[in-house]
Amino acid sequence: MIDQKLINRINELAKKNKAEGLTLAETKEREKLRKIYLQEFKKGFKQRLDCIEVVSPQEFEERTGRKPGKNCSMCEIKEN
């Protein structure tokens, strides 16, 4: 999970950059923080994708005991 302090600092630097510009040290810090943020985001996103499993409507019904359809928030079946 991405640390809120990291996000807050990135936002502070973004606001300062828009208002008055950044020093060289702040620019380097911003790039470092952005890289950390992206690494954490990608890691979390990959974990979520790894948990997704695609099942057929029949498998869904077997697992849940419900038929997939309009009232099912977990799936959407498009009729042709």
Side-chain angles (χ1 to χ4, degrees):
M1 186 168 180
I2 299 172
D3 185 25
Q4 189 61 42
K5 290 179 185 177
L6 174 73
I7 294 171
N8 291 342
R9 182 62 181 152
I10 290 170
N11 288 335
E12 286 173 19
L13 291 171
K15 288 177 187 176
K16 183 176 180 192
N17 186 42
K18 285 181 182 179
E20 59 194 69
L22 299 175
T23 65
L24 183 59
E26 289 170 331
T27 303
K28 288 180 181 182
E29 178 187 7
R30 180 182 67 177
E31 291 304 314
K32 180 183 170 189
L33 295 175
R34 284 179 174 178
K35 285 181 182 180
I36 293 169
Y37 176 85
L38 283 174
Q39 287 172 348
E40 291 297 314
F41 178 84
K42 288 176 184 177
K43 186 172 86 175
F45 191 75
K46 184 177 180 335
Q47 287 174 346
R48 292 198 63 176
L49 286 177
D50 289 343
C51 293
I52 294 174
E53 182 179 353
V54 178
V55 297
S56 69
Q58 293 80 17
E59 289 174 307
F60 177 82
E61 188 174 350
E62 289 170 5
R63 292 179 185 195
T64 64
R66 298 182 295 147
K67 289 191 174 205
K70 293 180 182 176
N71 294 330
C72 176
S73 63
M74 296 177 64
C75 61
E76 180 180 323
I77 297 177
K78 296 181 181 177
E79 297 178 18
N80 294 333

Practice problem: List in chain and number order the residues that pass side-chain hydrogen bond (donor to acceptor under 3.5 Å, both in side chains) with Glu62, two or more places apart in sequence or in another chain; answer none if no residue qualifies. | Solution: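 For Glu62, no residue satisfies side-chain hydrogen bond (donor to acceptor under 3.5 Å, both in side chains) once neighbours in sequence are set aside.
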
Check residues 30-51 and write down every donor-acceptor pair under 3.5 Å in which the side-chain atom is one partner and the other belongs to a residue at least two apart or another chain.
| unit_1 | atom_1 | unit_2 | atom_2 | d |
| --- | --- | --- | --- | --- |
| Lys46 | NZ | Asp50 | OD2 | 3.1 |

Quiz item: With sequence neighbours left out, what residues match Arg63 under salt bridge (charged side-chain N to carboxylate O under 4.0 Å, His left out)?
Solution: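 Residues passing salt bridge (charged side-chain N to carboxylate O under 4.0 Å, His left out) with Arg63: Glu53.
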
Please report, to 0.1 Å, the donor-acceptor pairs under 3.5 Å made by any side chain of residues 10-21, with sequence neighbours excluded.
| unit_1 | atom_1 | unit_2 | atom_2 | d |
| --- | --- | --- | --- | --- |
| Asn11 | ND2 | Ile7 | O | 3.3 |
| Glu12 | OE1 | Arg9 | NH1 | 3.1 |
| Lys16 | NZ | Glu26 | OE1 | 2.9 |
| Lys16 | NZ | Glu26 | OE2 | 2.6 |

